[in-house]
Amino acid sequence: MIETTSIDGKAFAADLRTRIATEVANLWDKKGIKPGLAVVLVGEDPASQVYVRNKAAQTVEVGMASFEHKLPVDTSEADLLALVRKLNADPAVNGILVQLPLPAQIDSMRVLAAIDPAKDVDGFHVVNAGRLAVGLDALVPCTPLGCMMLLKHYLGSLSGLEAVVVGRSNIVGKPIAQLLLQADCTVTIAHSRTRDLPDVCRRADILVAAVGRPEMVRGAWIKPGATVIDVGINRVPREDGKTRLVGDVAFAEAQGIARFITPVPGGVGPMTIACLLQNTLTATRRQAGISEG
Ligand code: NDP
C-alpha cells in the first residue's frame, strides 16, 4: 500500500506570495517601480465578485497597486474595448485582467484580443498561447502555471514521465499539456471523445484532471504511485441541504494508490491567484527590460 501525500496548495501559495512581496519591495527600492494590476468586472455575478475581491486584496497585500473597474451589466462591447485600450496605454498598469464570463452582448474573444499581450496576465491572448506553443517566453495561464510549480516542487525533474491531461480547454487543459511537454513529459490529452479513458489514465505517472465533473476519475483509473493534480472545482449538495466542493477525482479512493494528490479545496485553487501576482511581476519586469530574478 502506497502512502499518499496531500499536496498543500494553500501553504505553497502563501509561501509564493511572501516571495513575490519581497521581490516587489526590491523592485521599488532599486528601481522605483510598483507593479500595477487592473481588474475589470462587468456585471454582478456573485462568484465573479468574490474572485475579483480576493484578487484585489491579495494584490495589495504583496505591495502592488490594484485598479478595480466595475462596469454595469449592460456595458457595450465598444465601451469595454475603450477601457481596455485606456489600460493598455496607462504606464501605471502592468497587468490587465478582464473577469470572465462576460455578458452576452460582449464578444469575449474580441475583448481578450484587444489586451496588450505584454499586459495579458491571464495568458489568454492568442499571442501568448502561440508563444507558449513554440517555446518562447509567454505569459502562461495562471492555473496551469500553478500546477507546474506544484509538480516541480514535489517531483523535481519531470523528464520522461508519462503525463495524461483529461480536458482540452484553452485556459486549463491545453496550456498544461504544453507546459508538461516543455518539461519533457510524454503527453496525452484526453477529452469527451477519448475511448477507454480509464485505460488511458492508468498509463499516467502524472494525471491531471480538468474536466468539471464531480469525482469522475476513480481510484481504479490511477496508476499506483502516480501524482494526481485535480483542477476541478465542483459544488455538490450535502445531506444537510448545504453544498460542498469536490474535485474531478474521487479523492478518498485515490488514498493508498496515488503517491501525491491535490485536495479540493486547498490544492490547485489557491495557486491560481498567487500565479496571477507572479505573472503581474513577470510582466512588469519584462516591460521595464529587467531580467527575471
Ligand atoms: P471546460 O468545460 O472548458 O473543459 C472541460 C474539458 O473536459 C473539455 O475539454 C471536455 O471535453 C472534457 N470533458 C468533459 N466531459 C468529459 C468526459 N466525460 N470525459 C473526458 N473528458 C471530458 O472546463 P475548464 O477547462 O474551464 O475547467 C475544468 C475544471 O477546472 C472545472 O471544474 C473548473 O471549475 C475548474 N477550474 C479550476 C480552476 C482553479 O483555479 N482551480 C481554474 C479554472 C478552472 P471536450 O473538449 O471534448 O468537450
Item to check | Residue pair Thr280 / Thr282, side-chain heavy-atom distance below 4.5 Å | outcome: no
Checklist entry - Should Ile106 and Glu77 count as side-chain neighbours, where that means a heavy-atom distance under 4.5 Å? => result yes
Next on the checklist: So, using side-chain contact (heavy atoms from CB on, under 4.5 Å) as the criterion, who are the partners of Ala113 when residues are at least two apart?
Outcome noted: none
Checklist entry - Around atom OH of Tyr51, are there more than 12 heavy atoms of other residues, nucleotides or ligands at under 6.0 Å? => result no
Item to check | Rounded distance [0.5 Å steps], CG in Leu276 versus CG in Leu97 | outcome: 5.5 Å
Checklist entry - side-chain contact (heavy atoms from CB on, under 4.5 Å) between Val127 and Asp120: does it pass, once the steps are laid out? => result CA-CA 10 Å; Val127 165; Asp120 167 41; over 6 Å; no
Item to check | Sidechain-backbone polar pair: Asp184 side chain, Ser159 backbone, donor-acceptor under 3.5 Å | outcome: no
Checklist entry - Among the clusters formed by ILVMFWY side chains lying less than 4.5 Å apart, do Val208 and Ile261 turn up in the same one? => result no
Item to check | Ala114 to Leu81 - nearest heavy-atom pair and separation | outcome: CB-CD2, 3.6 Å
Checklist entry - Is Met271 reachable from Leu180 through a run of hydrophobic residues whose side-chain heavy atoms are each under 4.5 Å from the next? => result yes
Checklist entry - Has Arg110 got more than 12 heavy atoms of other residues, nucleotides or ligands less than 6.0 Å from its CZ? => result no
Checklist entry - Heavy atoms, side chains only, cut-off 4.5 Å: are Val111 and Val40 in contact? => result no
Checklist entry - Do Leu80 and Leu102 touch side chain to side chain, with heavy atoms closer than 4.5 Å? => result yes
Checklist entry - Just one of Leu27, Asn94, Val24, Thr284 clears the side chain to side chain contact (heavy atoms under 4.5 Å, CB included) bar with Met64, so which one? => result Val24
Item to check | Side-chain heavy atoms of Cys142 within contact of Leu145, under 4.5 Å | outcome: no
Checklist entry - Going only through I, L, V, M, F, W and Y residues with side-chain contacts under 4.5 Å, is there a path from Leu150 to Leu207? => result no
Checklist entry - Under a 4.5 Å side-chain heavy-atom rule over Ile, Leu, Val, Met, Phe, Trp and Tyr, are Ile189 and Met216 clustered together? => result no
Checklist entry - Does Asp199 pair with Arg203 as a salt bridge, N-O distance under 4.0 Å? => result no
Checklist entry - Is there a side-chain contact (heavy atoms from CB on, under 4.5 Å) between Gln278 and Met149 once you walk through the steps? => result CA-CA 11 Å; Gln278 177 66 61; Met149 284 185 189; 4.1 Å; yes
Next on the checklist: Nearest 0.5 angstrom please: Arg168 CZ to Thr194 OG1, how far?
Outcome noted: 7.5 Å
Checklist outcome for this item: What one should report as the nearest heavy-atom pair of Ile7 and Pro263 is O-CD, 3.0 Å
Item to check | Straight-line distance of Thr4 OG1 to Ile257 CD1, nearest 0.5 Å | outcome: 7.5 Å
Item to check | Residues, nucleotides or ligands: over 12 heavy atoms within 6.0 Å of Arg238 CZ | outcome: yes
Item to check | Value rounded to 0.5 Å, distance of CG in Leu158 from CG in Leu181 | outcome: 12.0 Å
Checklist entry - Mind checking whether Pro141 and Cys275 have side chains closer than 4.5 Å, heavy atoms only? => result no
Next on the checklist: On a heavy-atom basis, which atom in Ile176 and which in Pro144 lie closest, and how many Å separate them?
Outcome noted: CG1-CB, 3.4 Å
Checklist entry - If you group Ile, Leu, Val, Met, Phe, Trp and Tyr by side-chain heavy-atom gaps below 4.5 Å, do Val126 and Leu100 land in one group? => result no
Checklist outcome for this item: All heavy atoms of Leu197 vs all of Ala190, minimum pair found to be CD1-CB, 3.6 Å
Next on the checklist: Tell me the closest heavy-atom pair linking Val60 and Ser66, and the distance in Å.
Outcome noted: CG2-CB, 3.8 Å
Next on the checklist: Donor-acceptor pair, distance only, cut-off 3.5 Å: does the side chain of Asn279 make one with the backbone of Leu139?
Outcome noted: no
Checklist entry - At what distance, to the nearest 0.5 angstrom, does CZ of Arg17 lie from CD of Gln58? => result 4.5 Å
Checklist entry - OG1/Thr75 to NE2/His69 distance, rounded to the nearest 0.5 angstrom? => result 12.5 Å
Next on the checklist: Does Phe124 form a side-chain contact (heavy atoms from CB on, under 4.5 Å) with Asn170? I'd like the steps, not just the answer.
Outcome noted: CA-CA 8 Å; Phe124 294 164; Asn170 289 333; over 6 Å; no
Checklist entry - Which heavy-atom pair separates Ile20 from Ala274 by the least distance, and what is that distance? => result CD1-O, 3.5 Å
Output a table of donor-acceptor pairs, distance under 3.5 Å, between side-chain atoms of residues 223-236 and any protein atom two or more places apart or on a different chain; print 'none' if there are none.
{"unit_1": "Lys223", "atom_1": "NZ", "unit_2": "Asp205", "atom_2": "OD1", "d": "2.8"}
{"unit_1": "Asp230", "atom_1": "OD1", "unit_2": "Gly232", "atom_2": "N", "d": "3.2"}
{"unit_1": "Asp230", "atom_1": "OD1", "unit_2": "Asp248", "atom_2": "N", "d": "2.8"}
{"unit_1": "Asp230", "atom_1": "OD2", "unit_2": "Asp248", "atom_2": "N", "d": "3.1"}
{"unit_1": "Asp230", "atom_1": "OD2", "unit_2": "Val249", "atom_2": "N", "d": "3.1"}
{"unit_1": "Asn234", "atom_1": "ND2", "unit_2": "Val246", "atom_2": "O", "d": "3.2"}
{"unit_1": "Asn234", "atom_1": "ND2", "unit_2": "Gly247", "atom_2": "O", "d": "3.1"}
{"unit_1": "Asn234", "atom_1": "ND2", "unit_2": "Asp248", "atom_2": "OD1", "d": "2.9"}
{"unit_1": "Arg235", "atom_1": "NH1", "unit_2": "Thr243", "atom_2": "OG1", "d": "3.0"}

Item to check | Heavy-atom check, side chain of Gln287 versus side chain of Lys119, under 4.5 Å | outcome: yes
Checklist entry - Looking only at atom types and distance, does a side-chain atom of Gln255 sit under 3.5 Å from a main-chain N or O of Phe251, one as donor and one as acceptor? => result yes
Item to check | Close side-chain approach of Leu41 and Glu68, heavy atoms under 4.5 Å | outcome: no
Next on the checklist: Check whether Arg131 reaches the backbone of Val140 with its side chain - one donor and one acceptor, N or O, closer than 3.5 Å.
Outcome noted: no
